[in-house]
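Since the structure is predicted, the reported quantities are computational estimates derived from the model, not experimental observations. Position 1 is the first residue of the sequence, and the numbers go up from there.
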Amino acid sequence: MSQENVELARRGYEALNEAFRTGNFQEALDEFCDPDIVLTPSGILPESREMRGLEGMLRFVSLQTEAFDDFFVEPHGFIDAGDRVVAPVRFGGRAQHTGLDVAFEVVHVLTARDGKWTRIDMYPSEPEALKAVGLAE
């Protein structure tokens, strides 16, 4: 099952980036996210409160597109952690208020059940994410 989750993550990031290009998020969210998904941001950006459900996910991605033009999310690999996948990512775009290109790095821990993501927990660093999934002390 874990290799399936890695592939789910890979396809999910591809769909997410396509949605950022086209503005059609609903299709990607319906395909890859459980209706009761929980997203916990890392706290490095202003939108740091937990988001719930597909509406919460849509609200979160909408906040990104309001703040950035040409928004992107680039995974830098996938670490198999059983029913979870650890994905260090770089994300950013052109800040709408300044016109400057900016990028940030966080680590996503994606939890899957029945081929859909049920949780996305974001961490400021890889050691914190690995500790959260029991792969580090």
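Ion pair E7/R10 flagged as a salt bridge, since at least one NZ, NE, NH1 or NH2 atom sits closer than 4.0 Å to an Asp/Glu carboxylate oxygen. Checked for salt-bridge contact, E18 and R21 meet the test: a charged N lies under 4.0 Å from a carboxylate O.
The backbone N or O of E50 sits nowhere less than 3.5 Å from a side-chain atom of T40 that would complete a donor-acceptor pair. With hydrogens and angles disregarded, no donor-acceptor distance shorter than 3.5 Å links the side chain of Q26 to the backbone of L54. Remark: side-chain polar atoms of N17 are paired, donor with acceptor, to backbone N or O of V73 under 3.5 angstrom. With K116 contributing its side chain and D30 its backbone, the two residues share a donor-acceptor pair below 3.5 Å. A donor-acceptor pair under 3.5 Å is absent between the side-chain atoms of D83 and the main chain of S2, judged by distance alone.
One hydrophobic cluster holds both L58 and F60 under the rule that ILVMFWY side chains link at heavy-atom gaps under 4.5 Å. Cluster membership for I120 and V133, using ILVMFWY side-chain heavy atoms within less than 4.5 angstrom, is not shared. V109 and I37 fall into different hydrophobic clusters, where Ile, Leu, Val, Met, Phe, Trp and Tyr are joined by side-chain heavy atoms under 4.5 Å apart, directly or via other members.
For the atom pair CG of D121 and OG of S42, the computed distance is 11.0 Å after rounding to the nearest 0.5 Å. How far NE2 of H108 is from CE of M122: 4.0 Å, rounded to the nearest 0.5 Å. One finds the CG atom of L8 at 9.0 Å from the CD atom of E4 (value rounded to the nearest 0.5 Å). Here E126 contributes atom CD and L135 contributes atom CG; the two are 10.0 Å apart, rounded to the nearest 0.5 Å. Between the CD atom of Q3 and the CG atom of D80 there is a distance of 6.5 Å, given to the nearest 0.5 Å. Of the inter-residue distances, the one linking R119 atom CZ with L39 atom CG reads 9.0 Å to the nearest 0.5 angstrom.
Side-chain contact between F72 and Y13 is absent, with no heavy atoms from C-beta onward closer than 4.5 Å. In this structure the side chain of F68 never reaches within 4.5 angstrom of the side chain of R94, judged on heavy atoms. Using a 4.5 Å heavy-atom threshold, the side chains of L130 and I79 count as touching. Considering only heavy atoms from C-beta on, T111 stays 4.5 Å or farther from N5 through its side chain. Taking 4.5 Å as the limit, some side-chain heavy atom of F91 sits within range of a side-chain heavy atom of V106. Counting only heavy atoms from C-beta outward, the side chains of V61 and E66 never approach each other to under 4.5 Å.
For E74, the CD atom sits in a packed shell: over 12 heavy atoms of surrounding residues, nucleotides or ligands are nearer than 6.0 Å.
The heavy-atom pair separating A132 from R84 by the smallest distance is O-NH1, 3.5 Å. Across all their heavy atoms, V107 and S125 have their closest contact at CG2-C, 3.6 Å. The shortest non-hydrogen separation linking A112 to W117 is CB-CZ3, 3.5 Å.
Partners of F20 according to the ring pair (Phe, Tyr, Trp, His ring centres under 6.0 Å) rule, which considers only residues two or more places apart in sequence or in another chain, are F25, F71.
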